[in-house]
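A short worksheet on the structure shown next.
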Amino acid sequence: MDFTHCFKVIVNRGKEFADIPNCLGSQDDMECSHTREAPEGSADTWHNCGCEHHTSAQSRLFIKGGRIVNDDQSFDADIYIEDGIIKQIGNNLVIPGGARTIEAKGKLVIPGGIDTHTHMQLPFMGTHAVDDFYSGTKAALAGGTTMIIDFVLDQKNVSLLEAYDKWRNWADSKVCCDYALHSCVTWWSPEVAKEMDILCKEKGINSFKMFLAYKDVFMLEDNELYEVFKRCRELGALGMVHAENGHLIAEKSSEMIQHGITGPEAHEMCRPEEVEAEATNRAITLANQANCPLYIVHVMSKSAAKVVTKARRQGKVVFGEPIAASLGTDGTHYWNKCWRHAAGHVMGPPLRPDPTTPGYLMDLLANNDLQVTGTDNCTFNADQKALGKDDFRKIPNGVNGVEDRMSVIWEKGVHTGKMDPCRFVAVTSTNAAKIFNIYPQKGRIAVGSDADIVVWNPNASRTISAKTHHQAVDFNIFEGMLCHGVAEYVMTNGHVVLDEGQVRVTQGMGRFIPLPCNSETVFSRIRERERTTKPCKVEREPYDGPVAKITATQMSEKMIVADNPIIPNNAEFHGRPMTSSGARNLQDSTFSLSGQQIDEKSPRRSTTRSLNPPGGKSSGLW
């Protein structure tokens with residue numbers, strides 16, 4: 001629960017409550033008689049006396065004078081919130097007493113952001129991400145994000161259900177905002193197929209992520225990926241892919257080491273744009289053949305973005321997710337002379353050295369060629385990154401972004417004139433809510449929706465820095481960036497958690513939000529295509545004409561034909577029969593598609609020296 005307002009009321013209006021029993025509020029004394037400390041490990045304090053006036057104050061909010069911005073419209077109106085739900089929207093509202101008023105004149109009132117891609121406290125590459133579900137979600141709220149969707153990502157051959165339970169145990173006691181989960185499929189078997197069904201029907205999962213990278217760790221082969229896509233379609237779940245060519249990356253990584261290139265720059269050099277683009281195209285092809293909707297996570301390059309854009313224009317059901325990092329910075333940092341600075345930007349797929357990439361991706365995002373934004377927030381401190389100081393392959397992959405995503409997108413998108421505020425709301429919140437089937441509970445300011453709301457000041461600015469951010473990590477890839485557009489108030493489930501620059505949260509105040517399958521946004525076209533494109537055989541009269549006969553010679557054991565009849569298992573060179581005298585037909589070819597030679601099974605004869613070759617010997621005098 002949030003007791004921030006309880007504290008604020010006592011501070012600002014203490015005299016009003018001085019005569020109320022069990023409440024010691026006054027201008028000089030700003031504590032409730034029943035103040036409780038926050039859970040161990042939290043830097044925050046709870047103030048809850050349980051008095052009626054405090055209960056009323058913390059459950060009722062009135063946002064006055066702001067301009068409400070949804071993905072499809074903006075208008076001036078007030079909002080009344082009670083018990084975490086938006087109860088009224090309009091002007092001249094009649095509201096119950098005891099509500100706190102937040103003045104929003106000159107500000108935008110927008111739905112809280114939804115970060116579709118985080119990895120809090122992820123065990124990865126021998127260590128753990130330093131931002132856990134407490135510090136990570138606290139930082140998210142500070143930046144205007146009121147919900148995250150994290151990934152359940154365990155090792156190969158670990159039960160998907162066991163991994164899910166592990167992540168729920170980690171998150172439930174720590175999260176400060178609402179959260180949901182994607183599940184990762186890193187191996188394939190009939191048991192995995194059964195567990196996917198349970199996750200969808202009983203555990204609130206509606207998306208599964210697969211990797212075409214991290215060979216021998218998380219990567220699936222194409223045939224396995226195709227099977228997972230088919231299972232996703234059956235369950236009404238969304239297939240997600242990390243698109244890189246794992247086999248090629250493994251080979252090129254070894255080549256970099258052989259050339260003596262061991263620094264962070266090699267990370268980008270061994271996985272160039274075309275490696276991402278190739279895997280993106282391959283994933284789209286496989287998903288389309290399985291009639292499965294596809295979501296490409298962290299689109300990092302122009303090449304991959306072009307593949308997604310082309311597929312969408314061909315009518316394929318695919319969604320593209322650029323992230324704060326790819327929209328806000330570039331891969332030139334990998335060549336920085338400071339190893340820590342360069343390593344701090346290492347992630348997979350890597351940032352691209354082409355400095356025009358962020359602007360290009362933002363253009364596509366603004367025009368709906370790309371649809372949603374996440375962060376791939378997976379943070380590691382300097383000492384953790386240093387695991388790869390002598391070998392770039394051992395640098396833990398991951399960067400920050402969960403706190404700064406909203407400001408970076410506003411700065412690079414809205415402040416530059418590439419997108420309007422409605423589109424900003426769409427790509428930071430509404431589209432994610434629609435794709436993952438929680439709209440309009442999330443992603444919209446409407447009566448009945450959750451009171452996840454941000455009062456956004458488009459005229460304020462802030463400079464991003466690791467010294468002032470709320471994340472636990474000691475580095476920020478956006479260091480020094482000036483951002484116009486700042487969250488002044490943030491509410492999650494009706495609780496004010498960012499109040500005039502102060503973050504006031506408690507561990508465990510967030511909820512797990514189940515994600516139902518069969519999202520209308522994702523599957524409406526899929527179901528129709530499944531009906532209209534179902535394979536149908538051609539009804540025809542049986543063939544009753546002549547059939548060629550195969551001779552006994554052709555039926556011999558030497559003529560075993562493979563599944564591909566063009567290249568037989570046991571290549572035979574002679575298709576023509578022998579002559580009447582038993583000799584080989586000279587019109588027959590000795591060519592074989594397999595490259596086999598006609599005499600390669602014959603024993604090698606010893607060298608024969610010719611004393612008088614045609615044309616005369618060369619040892620004589622002339």
Side-chain angles (χ1 to χ4, degrees), residues 1-27 30-32 34-35 46-70 75-112 141 144 146 176-178 440-442 444-457 487-506 509 511:
M1 297 179 66
D2 170 54
F3 302 102
T4 301
H5 181 55
C6 178
F7 178 76
K8 291 285 295 182
V9 168
I10 296 169
V11 171
N12 296 330
R13 293 164 41 185
K15 290 183 179 179
E16 184 176 331
F17 296 146
D19 297 328
I20 298 177
N22 297 324
C23 182
L24 304 179
S26 72
Q27 292 289 358
M30 297 183 297
E31 286 193 18
C32 299
H34 298 153
T35 296
W46 287 2
H47 298 271
N48 180 28
C49 66
C51 305
E52 181 180 354
H53 64 278
H54 283 179
T55 303
S56 172
Q58 75 182 27
S59 66
R60 295 175 181 172
L61 291 172
F62 181 53
I63 304 174
K64 181 181 179 182
R67 184 166 186 82
I68 296 172
V69 182
N70 282 317
F75 54 94
D76 296 324
D78 303 331
I79 303 173
Y80 172 63
I81 298 164
E82 186 174 336
D83 298 327
I85 301 296
I86 298 173
K87 296 293 186 178
Q88 299 182 55
I89 296 176
N91 297 307
N92 303 315
L93 299 179
V94 177
I95 62 172
R100 176 188 174 181
T101 298
I102 294 177
E103 182 59 57
K105 186 176 182 179
K107 313 294 194 311
L108 304 179
V109 183
I110 64 177
L141 289 168
T146 57
C176 304
C177 67
D178 289 351
Q441 176 188 359
K442 304 288 186 183
R444 189 167 185 84
I445 294 179
V447 173
S449 297
D450 287 353
D452 292 350
I453 296 175
V454 177
V455 177
W456 187 265
N457 188 343
E488 288 196 352
Y489 295 92
V490 176
M491 286 138 270
T492 178
N493 293 312
H495 303 307
V496 182
V497 290
L498 178 68
D499 194 344
E500 297 177 350
Q502 298 297 314
V503 181
R504 300 184 183 280
V505 295
T506 53
M509 68 184 291
R511 306 171 298 169

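Atom set for the values below is all heavy atoms of this structure, side chains included, hydrogens, waters and symmetry mates excluded. Residues take their numbers from the sequence shown, with the count starting at 1.
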**Report entry** side chain to side chain contact (heavy atoms under 4.5 Å, CB included) evaluation trace for Val490 with Val496
**Finding:** CA-CA 6 Å; Val490 176; Val496 182; over 6 Å; no
Query raised in the report: Are Asp450 and Arg511 ion-paired here, with the side-chain N under 4.0 Å from a carboxylate O?
Result: yes
Query raised in the report: Rounded to the nearest 0.5 Å, how far apart are CD1 of Ile102 and CG of Leu61?
Result: 5.0 Å
Report summary line: To the nearest 0.5 Å, atom CG of Leu498 lies from atom CD of Glu488 at 9.0 Å
Report task. For residues Pro111 and Ile445, report the shortest heavy-atom separation together with the two atoms involved. Result -> N-CD1, 3.7 Å
Query raised in the report: Taking atom SG of Cys177 and atom CG of Leu141, what is their separation to the nearest 0.5 Å?
Result: 5.0 Å
**Report entry** Interatomic distance, Arg67 atom CZ to Asp76 atom CG [nearest 0.5 angstrom]
**Finding:** 4.5 Å
Query raised in the report: To the nearest 0.5 Å, how far apart are CD1 in Ile89 and CD1 in Ile63?
Result: 9.5 Å
**Report entry** Nearest non-hydrogen partners of Ser449 and Pro440, listed with the distance
**Finding:** OG-O, 2.7 Å
Query raised in the report: Does the side chain of Asn91 come under 3.5 Å of the side chain of Asp78 through a donor N or O and an acceptor N or O?
Result: no
Query raised in the report: Between Asp452 and Lys442, is there a side-chain N and carboxylate O pair less than 4.0 Å apart?
Result: yes
**Report entry** Asp83 with Arg60: basic N within carboxylate O range, under 4.0 Å
**Finding:** no
Query raised in the report: Taking it one step at a time, do Val69 and Trp456 satisfy side chain to side chain contact (heavy atoms under 4.5 Å, CB included)?
Result: CA-CA 10 Å; Val69 182; Trp456 187 265; over 6 Å; no
Query raised in the report: Side chains of Asp499 and Tyr489: does their closest heavy-atom pair fall under 4.5 Å?
Result: yes
Query - Approximate separation, where rounding is to 0.5 Å, of Ile95 CD1 and Ile81 CD1 - result: 10.5 Å
